[in-house]
Asks: 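Before I ask anything, here is the structure I am working with.
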Amino acid sequence: MATAKKPTKKKSTKTAGKATANANPIMAVVPEYDPAAKTNAALVARREAAVARGVASAAPIYAEHAENAELWDVEGNRYIDFAGGIAVLNTGHRHPKVVAAAKAQEDHYTHTSFQVVPYEPYIALAEKLNELAPGDFAKKSLLVTTGAEAVENAVKIARAATGRPGIIAFTGGYHGRTLLTLGMTGKISPYKKDVGPFPSDIFRAPFPSQRDGITVQDALTGLQNLFLTDAQPERVAAIIIEPVLGEGGYTPVPFDMMRELRKICDEHGIMLISDEIQAGFGRTGTWFGIQHSGVVPDLITVAKSMAGGYPIAGVIGRAEVMDAVIPGGLGGTYGGNPVACAAALAAIEAIETEGLLERSTAMGETFRARFAEIGARVAPYRMWDIRGLGAMLAVEFVTDFETAAPDAALTKAVVANALKRGLILLSCGMHGNALRIMVPLTASDELINEGLEIFEAALVDAIAELTV
Ligand SMILES: Cc1ncc(COP(=O)(O)O)c(C=O)c1O
């Protein structure tokens, strides 16, 4: 049996020596800097004393630097990053073009507020998003800062355009942690626990689920029943759906279901919003996840990998819908920050010029094949489902195939053992029993292979641990 070994110490020539306390120029400017504090354990203790416990972290390690799909902690340990900062790094940590574009922008100005003195990078990014989004019609875009803010604004726009209040979201959907978006998020713990009440006029329809025996037809019947029982269709502004459930377990919306949703929206004058915050920018092998189904939504929410690590988000939509809100009704002090706009334009260019959409599809195939092979060899009847689109892929762990009971304990143990061996993994799913792949699309085949070998060893460790 494989034994756990510590992650390897740093390999990056660029950063060699950086982990020594006083060599770090950032730490040098911190007054009364205590070198002893620069260990993972010391930072855990400082964090517990200083940071609200509601902000949980998946890994008890602290970042020192990162490059493409690798990260080094403050103790100099190297990790392969399959989490990509929660699907933010399709172009990798510190993509050279993204960093260069952000630095160049910083030499001009870092903030004016688009609502006070506007700037060209905002317009250029809006133009690019309008060009990339599906739909053969005039489009306009709004830029904000976070995904939740994008979703909130999509709701505001849909309400203003339709004059209706209602929003329909789906079981297991995740749309953010602000109060309106929490109302739309379909999972209690940990997101909604103890922090309600949530805004009204939000309704939930069932998402098709193999585990729960809910077919596409059942899900559509559930939606039609919702129209009869709670959500008067002429009072519904929008149906919002992730083309691939993100936090909810990386389950794609069946394409026939997406097409039916489009028809239902057309029939009742409802806006269809595709929440592409996790699925967008090449994660699934297309610019937007919904493109796999051929359906064109009215509004799209974007964030995460749009800017390769800079906080920016947006709403793209039909021009006349986007213009429904009066001047001054949209925006925010930091919305569409110029440095983040420059980074986003560079990240999009990298996706285009480096063939990352094709790379995502190929990478997805590699992961699928390797997961199936590893599962059969070292974890028979424990890897129940391998699913997703392109490189937006997850494996689901169960106790056995007969009951298919979710095995969150095994998933947790795989994540913990992988970290010990130098691989950062993140779980997801309603039952916390799925592992999702969010590795940068720029990662080399060699690195992916190394990560998969660690995954396999971690799985072996985890099964052994739990069968003692
Ligand atoms: C599909 C989806 N929508 C919205 C959000 C919220 O984005 P943010 O965390 O930037 O507010 C997320 C974040 O994970 C997401 O995956």
Asks: Identify the heavy atoms of Met184 and Ile167 that sit nearest to each other, and give their distance.
Replies: CE-CG2, 4.0 Å
Asks: Between Glu260 and Lys263, is there a salt bridge with N-O shorter than 4.0 Å?
Replies: yes
Asks: Do Leu89 and Thr442 pass the side-chain contact (heavy atoms from CB on, under 4.5 Å) test, and can you show the C-alpha distance, the side-chain angles, and the key distance before you say yes or no?
Replies: CA-CA 9 Å; Leu89 299 166; Thr442 43; over 6 Å; no
Asks: Kindly say whether Gly308 contributes a backbone atom to a donor-acceptor pair with the side chain of Arg94 at under 3.5 angstrom?
Replies: no
Asks: For Leu423 and Ile454, which heavy atoms make the closest approach, and how far apart are they?
Replies: CB-CG2, 3.6 Å
Asks: Students often mix this up, so state it plainly: with edges at 30° and 60°, are the rings of His65 and Trp72 parallel, tilted or perpendicular?
Replies: parallel
Asks: In Å, rounded to the nearest 0.5 Å, how long is the span from CG of Leu441 to CG of Leu357?
Replies: 8.5 Å
Asks: Is Lys156 atom NZ crowded by more than 12 heavy atoms from other residues, nucleotides or ligands, each under 6.0 Å away?
Replies: yes
Asks: State, yes or no, whether a side-chain contact exists between Ile277 and Val302 at a heavy-atom distance under 4.5 Å.
Replies: no
Asks: Answer yes or no: does atom CG of Leu447 have more than 12 heavy-atom neighbours from other residues, nucleotides or ligands under 6.0 Å?
Replies: yes
Asks: Under the side-chain hydrogen bond (donor to acceptor under 3.5 Å, both in side chains) rule, collect the residues that match up with Ser141, sequence neighbours excluded.
Replies: Asn130
Asks: Phe367 vs Phe82, test: ring pair (Phe, Tyr, Trp, His ring centres under 6.0 Å). Steps then yes/no.
Replies: CA-CA 12 Å; Phe367 272 105; Phe82 274 14; 5.5 Å; yes
Asks: Under the side-chain contact (heavy atoms from CB on, under 4.5 Å) rule, what do Leu389 and Thr361 come out as? Steps first, then yes or no, please.
Replies: CA-CA 8 Å; Leu389 284 178; Thr361 306; over 6 Å; no
Asks: Do Arg211 and His431 have side chains that get closer than 4.5 Å, going by heavy atoms?
Replies: yes
Asks: Going by the rule side chain to side chain contact (heavy atoms under 4.5 Å, CB included), which residues pair with Glu453 if we only count those two or more places apart in sequence or in a different chain?
Replies: Arg370, Asn449
Asks: Ignoring hydrogens and geometry, is there a side-chain-to-backbone donor-acceptor pair from Ser360 to Gly390 under 3.5 Å?
Replies: no
Asks: Passes salt bridge (Lys or Arg N to Asp or Glu O under 4.0 Å), Glu131 versus Lys128? Steps please.
Replies: CA-CA 5 Å; Glu131 175 199 318; Lys128 191 70 201 173; 3.1 Å; yes
Asks: Mind listing the closest non-hydrogen atom pair of Trp287 and Glu352 along with its distance?
Replies: CZ2-CG, 3.4 Å
Asks: So Phe371 and Leu452, do their side chains get closer than 4.5 Å, heavy atoms only?
Replies: yes
Asks: Answer yes or no: is there a side-chain heavy-atom contact under 4.5 Å between Ile300 and Pro134?
Replies: yes
Asks: Considering only heavy atoms from C-beta outward, does the side chain of Tyr79 approach that of Leu419 to under 4.5 Å?
Replies: yes
Asks: Under 4.5 Å between any side-chain heavy atoms of Asp385 and Val395, yes or no?
Replies: no
Asks: Does a side chain donor of either Thr178 or Glu152 reach within less than 3.5 Å of an acceptor in the other side chain?
Replies: yes
Asks: Apply the test salt bridge (Lys or Arg N to Asp or Glu O under 4.0 Å) to residues Asp298 and Arg262: give CA-CA distance (whole Å), side-chain angles for both, the deciding distance (0.1 Å), then the verdict.
Replies: CA-CA 10 Å; Asp298 302 292; Arg262 181 67 271 177; 3.0 Å; yes
Asks: Got a donor-acceptor contact below 3.5 angstrom from the Arg53 side chain to the Glu48 backbone?
Replies: no
Asks: Ignoring hydrogens and geometry, is there a side-chain-to-backbone donor-acceptor pair from Lys139 to Ala133 under 3.5 Å?
Replies: yes
Asks: Please determine whether side-chain contact (heavy atoms from CB on, under 4.5 Å) holds for the pair Val74 and Thr39, giving the CA-CA distance in whole Å, both sets of side-chain angles, and the decisive distance to 0.1 Å.
Replies: CA-CA 6 Å; Val74 289; Thr39 63; 5.5 Å; no
Asks: Please report the closest heavy-atom contact between Gly176 and Ala148, naming both atoms and the distance.
Replies: CA-CB, 4.1 Å
Asks: Is Arg421 paired with Asp461 through a side-chain N to carboxylate O contact shorter than 4.0 Å?
Replies: yes
Asks: What pair of heavy atoms forms the shortest contact from Ala379 to Leu459, and how long is it?
Replies: CB-CD2, 3.7 Å
Asks: Calculate, to the nearest 0.5 Å, the distance between atoms CD and NE2 belonging to Glu70 and His93 respectively.
Replies: 9.5 Å
Asks: Excluding sequence neighbours, so at least two apart, what forms ring-ring contact (aromatic ring centres under 6.0 Å, His included) with Tyr250?
Replies: none
Asks: Take Arg164 and Met271, measure what side-chain contact (heavy atoms from CB on, under 4.5 Å) needs, and give me the verdict at the end.
Replies: CA-CA 10 Å; Arg164 306 168 175 190; Met271 299 283 125; over 6 Å; no
Asks: Give a yes or no on whether the backbone of Leu182 and the side-chain of Lys192 come within a donor-acceptor separation of less than 3.5 Å.
Replies: yes
Asks: If we count only N and O atoms by modelled type, under 3.5 Å, do the side chains of His95 and Glu354 hold a donor and an acceptor together?
Replies: yes
Asks: Out of curiosity, Leu299 CG to Asp275 CG, how far, rounded to the nearest 0.5 Å?
Replies: 11.5 Å
Asks: State whether the side chain of Ser57 and the backbone N or O of Ala59 hold a donor-acceptor pair below 3.5 Å, judged by distance alone.
Replies: no
Asks: Quick check: do Pro440 and Thr91 have side-chain heavy atoms less than 4.5 Å from each other?
Replies: no
Asks: For the side chain of Thr403 and the backbone of Thr399, is there at least one donor-acceptor N/O pair under 3.5 Å apart?
Replies: no
Asks: Less than 4.0 Å between a side-chain N and a carboxylate O, is that true for Glu396 and Arg436?
Replies: no
Asks: Ignoring hydrogens and angles, state whether a donor on the side chain of Thr221 or Asp218 is under 3.5 Å from an acceptor on the partner side chain.
Replies: no
Asks: Does OH belonging to Tyr381 count more than 12 external heavy atoms closer than 6.0 Å?
Replies: no
Asks: If you count heavy atoms of other groups shown closer than 6.0 angstrom to CZ of Arg377, is the number above 12?
Replies: yes
Asks: For the backbone of Gly280 and the side chain of Thr284, can you confirm whether one donor and one acceptor N or O come within less than 3.5 Å of each other?
Replies: no
Asks: I'd like to know if Asp230 pairs up with Arg204 as an ion pair, taking the criterion as any Lys NZ or Arg NE/NH1/NH2 lying under 4.0 Å from an Asp or Glu carboxylate oxygen.
Replies: no
Asks: Got a second to check how far His175's NE2 is from Ile202's CD1, nearest 0.5 Å?
Replies: 10.0 Å
Asks: Does the side chain of Thr353 come under 3.5 Å of the side chain of Lys97 through a donor N or O and an acceptor N or O?
Replies: yes
Asks: Tell me whether the count of non-hydrogen atoms from other residues, nucleotides or ligands lying under 6.0 Å of OH in Tyr334 goes above 12.
Replies: no
Asks: How many angstroms lie between atom CD1 of Ile290 and atom CD of Glu276, to the nearest 0.5 angstrom?
Replies: 6.5 Å
Asks: Could you check whether Arg359 pairs with Asp445 (Lys NZ or Arg NE/NH1/NH2 to Asp/Glu carboxylate O, under 4.0 Å)?
Replies: yes
Asks: With rounding to the nearest 0.5 Å, note down the distance linking CG in Leu425 to CE in Met438.
Replies: 8.5 Å
Asks: Determine the interplanar angle of the Phe288 and Phe281 rings, folded into 0 to 90°, and report it as parallel if under 30°, tilted if 30 to 60°, perpendicular if over 60°.
Replies: perpendicular
Asks: Any donor and acceptor pair, going by atom type alone, linking the side chain of Ser293 with main-chain N or O of Phe255 inside 3.5 Å?
Replies: no
Asks: Do His292 and Pro243 make a side-chain contact, defined as non-hydrogen atoms from C-beta onward lying under 4.5 Å apart?
Replies: no
Asks: Would the distance check show the side chain of Asn90 and the main-chain N or O of Ser305 forming a donor-acceptor pair, the cut-off being under 3.5 Å?
Replies: no
